[in-house]
2 protein chains.
Amino acid sequence: MTDDVLSVRAAELYYEESKTQDEIGTLLGLTRWKVGRLLSRARELGIVRIEIVHPRARRLPLERELRERFGLRDAIVVPTPNDGTGLTQRVAEAAADYLRALRPVPRSLGVSWGRTLDDIAIHLPDGWARGVDVVQINGGVSLNRRAGSAATTAVAIARSGGGEATLLPSPAILERRETRLAIEADRTIAGVLELAAAASVYLFSAGPADGTSVLVDSGYLSHGDVEELVRRGAVGDVVGRYIDANGNIVDPELDDRTVGISLDQLRAAGLSIAVVAGPAKHDVARAVVGSSLCTVLVTDEDTARAVLDTNSPASRQFNRQKREAS
Amino acid sequence: MTDDVLSVRAAELYYEESKTQDEIGTLLGLTRWKVGRLLSRARELGIVRIEIVHPRARRLPLERELRERFGLRDAIVVPTPNDGTGLTQRVAEAAADYLRALRPVPRSLGVSWGRTLDDIAIHLPDGWARGVDVVQINGGVSLNRRAGSAATTAVAIARSGGGEATLLPSPAILERRETRLAIEADRTIAGVLELAAAASVYLFSAGPADGTSVLVDSGYLSHGDVEELVRRGAVGDVVGRYIDANGNIVDPELDDRTVGISLDQLRAAGLSIAVVAGPAKHDVARAVVGSSLCTVLVTDEDTARAVLDTNSPASRQFNRQKREAS
DNA sequence: CGGTTCGCTGCTCATGTGAGCATTGCGGCC
DNA sequence: GGCCGCAATGCTCACATGAGCAGCGAACCG
């Protein structure tokens with residue numbers, strides 16, 4: 001009888017029949033230490049597979065690897081559902097959980113807006129915290145089709161967190177640089193931006209560099225604009241600013257017309273939580289984490305693996321080209 | 001935080017991060033006993049799923065249930081491969097293992113013949129036992145196309161088991177009852193049958209009641225014959241004798257022309273090992289076990305479940321009718 | 001042929017863990 | 001409002017388990 005088969009027998013008796021290692025030893029004619037060793041071996045070799053099946057499960061080994069490899073303060077990885085349904089909900093739920101358990105409770109929370117942030121807001125129960133003031137960190141109120149979504153997100157988070165919401169009453173992207181300078185000079189806007197810059201915690205998502213982006217959906221950019229950005233290396237946007245795989249601004253001119261805190265301000269933050277999930281966002285996720293735009297990442301398992309998979313930078317190229325082709 | 005989610009967190013920290021229950025307690029703000037309880041709960045609820053993945057794995061809980069429900073002396077259940085490939089090999093291997101580990105070592109072993117027995121013979125290594133004499137328990141030498149397969153099986157087992165083989169030099173089924181009586185009266189044959197009746201252990205398989213049976217393959221029966229048997233309730237054959245779902249002889253006239261030990265002799269045996277696996281044999285397996293034709297069953301997981309599934313006797317009907325229809 | 005090294009075995013001991021029991025807290029019921 | 005019953009909690013204690021170590025044997029090399 002080979003050691004392998006013995007491992008299997010021991011594992012069966014231990015895990016399925018709940019026998020003690022000593023009993024198994026007698027049964028198989030081995031010492032209980034040998035049995036213990038066989039069991040360890042069985043787990044190492046993957047003969048015994050322990051799986052945690054639950055929508056709220058997490059992937060701690062991946063989280064640890066992300067923390068270590070990228071010096072993240074924290075990482076939250078939820079399992080990717082087999083058929084992909086409900087992925088955004090699960091990630092949003094995890095983000096809400098994280099925010100809720102965050103200590104010390106943030107005094108002021110800077111938030112971006114978008115579908116992901118909406119979902120997070122929904123999953124934050126009333127009274128999840130007390131006295132959390134929320135401030136919008138990038139523009140985008142007026143043009144959004146689903147009226148006021150950007151505003152309602154921030155307001156909802158502030159309300160359930162027992163604080164005040166401060167909105168940034170400005171478009172996300174203006175047509176001329178001068179307009180941006182002008183609007184930022186306005187006392188109201190300037191005040192909000194100051195507040196945003198002083199937030200103790202940032203919570204934001206990232207959009208993919210394709211037609212499904214909220215910036216396209218909201219009318220700030222055309223499909224053609226996005227295609228051009230992709231051609232120039234864009235992998236996605238963070239607080240309305242398009243970045244390439246290295247986390248650099250793709251189009252300085254466009255960036256100069258974008259209202260909100262800068263990427264460097266985000267990088268300088270003590271605690272910035274990025275919530276990025278889904279197959280379309282693998283590339284942005286990699287860029288965000290790789291260029292230190294966040295200190296905490298909330299994501300799904302597949303995206304986490306994609307981020308960690310530095311061995312295949314080719315895949316990035318491949319994905320980009322595929323998207324260009326379509 | 002609900003108890004469910006706590007269970008998940010605890011399970012992750014325990015099984016994936018190998019933390020102690022005490023550490024987890026501190027981490028989640030619970031006592032270590034609470035953590036222990038959460039972990040038990042998690043396993044009961046199936047949140048934690050422990051699986052043993054190995055071709056040689058067994059299904060001990062099913063084995064236990066089979067033993068208890070049917071008063072079997074033993075049951076060996078191997079996992080059914082997802083795509084069904086190699087199933088017969090695995091079961092044969094398990095049967096060989098069982099035979100090899102059998103104590104006391106049988107002095108004389110009565111065997112039937114067929115594809116399954118062939119496979120078992122292949123998996124018995126040289127010297128698996130010493131002094132095991134083998135005797136054929138049902139006829140079938142001459143007509144088999146793959147020349148002498150019935151004979152070689154018995155001889156191979158005897159050789160590797162360090163004993164003598166005694167063959168039953170007779171067809172499995174004769175054309176007339178009188179011929180059977182005559183051949184059984186022959187001293188050679190009678191002697192073998194006596195030996196067969198006195199065997200300390202029987203090892204046999206069962207065939208499905210369809211065209212793929214070895215009895216058809218070997219030319220003893222025509223497709224038409226089998227169809228007729230099925231119409232009369234046959235679910236398969238054991239040592240050449242067709243039985244219905246209750247383990248009764250379907251066609252007494254046919255049975256009367258069949259050479260070999262009787263089913264009652266099999267039932268009276270101290271130790272009789274049936275090796276029956278595969279989707280086509282679910283019904284025979286149920287009949288064999290249900291009518292105490294064996295004291296030990298070696299099979300695959302799916303067949304075991306089918307045997308245990310007494311809640312749906314309808315499925316038997318359904319399967320039979322489906323087969324009749326085709 | 002002897003010495004050395006390496007890997008496996010069985011052991012001691014400290015630690016981790018589960019069964020069983022007393023205690024607490026909560027909700028229903030008079 | 002007070003009492004009862006039940007479930008959840010925290011605890012004691014005995015047992016199960018893994019880490020670390022000494023002993024042994026085999027293989028390898030000089």
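Every value quoted in this text rests on a predicted model; they were computed, and no experiment measured them. So you know, we letter chains A, B, ... as the sequences are listed, proteins then strands, and number each from 1.
For B/Thr295, the side-chain hydrogen bond (donor to acceptor under 3.5 Å, both in side chains) criterion is met by no residue, not counting sequence neighbours. B/Tyr14 pairs by the side-chain hydrogen bond (donor to acceptor under 3.5 Å, both in side chains) definition with nothing, not counting sequence neighbours. Under the salt bridge (charged side-chain N to carboxylate O under 4.0 Å, His left out) criterion, A/Glu17 pairs with B/Arg64, not counting sequence neighbours. When the salt bridge (charged side-chain N to carboxylate O under 4.0 Å, His left out) test is applied to B/Glu65, the partners found at least two apart in sequence or on another chain are B/Arg69. Listed by chain and number, the residues in a salt bridge (charged side-chain N to carboxylate O under 4.0 Å, His left out) with B/Glu51 amount to none (sequence neighbours excluded). Every residue two or more places apart in sequence or in another chain that forms a side-chain hydrogen bond (donor to acceptor under 3.5 Å, both in side chains) with B/Thr85 is listed here: B/Asp83.
Across all non-hydrogen atoms, the minimal contact from B/Val78 to B/Ala94 is CG1-CB, 3.5 Å.
Taking atom CG on A/Leu6 and atom P on C/dC8, their separation rounds to 15 Å, with Å as the unit. The distance from atom CG of B/Leu13 to atom P of C/dG16 is 16 Å, rounded to the nearest whole Å.
For D/dG10, one of the phosphate oxygens OP1 or OP2 lies less than 4.0 angstrom from a side-chain nitrogen or oxygen of B/Thr31.
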Donor-acceptor contacts under 3.5 Å from residues 24-35 of chain B side chains, at least two apart:
unit_1, atom_1, unit_2, atom_2, d
B/Thr26, OG1, B/Asp22, O, 3.1
B/Thr31, OG1, B/Lys34, N, 3.3

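Near-neighbour residues of DNA chain C inside residues 33-49 of chain A, defined by a heavy atom below 4.0 Å, number-ordered: A/Trp33, A/Lys34, A/Arg37.
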With the criterion being N/O to N/O and under 3.5 Å, what pairs connect the protein with nucleotides 14-17 of chain D, and how long is each?
unit_1, atom_1, unit_2, atom_2, d
D/dT17, OP1, A/Tyr14, OH, 2.9
D/dT17, OP2, A/Gln21, N, 2.8

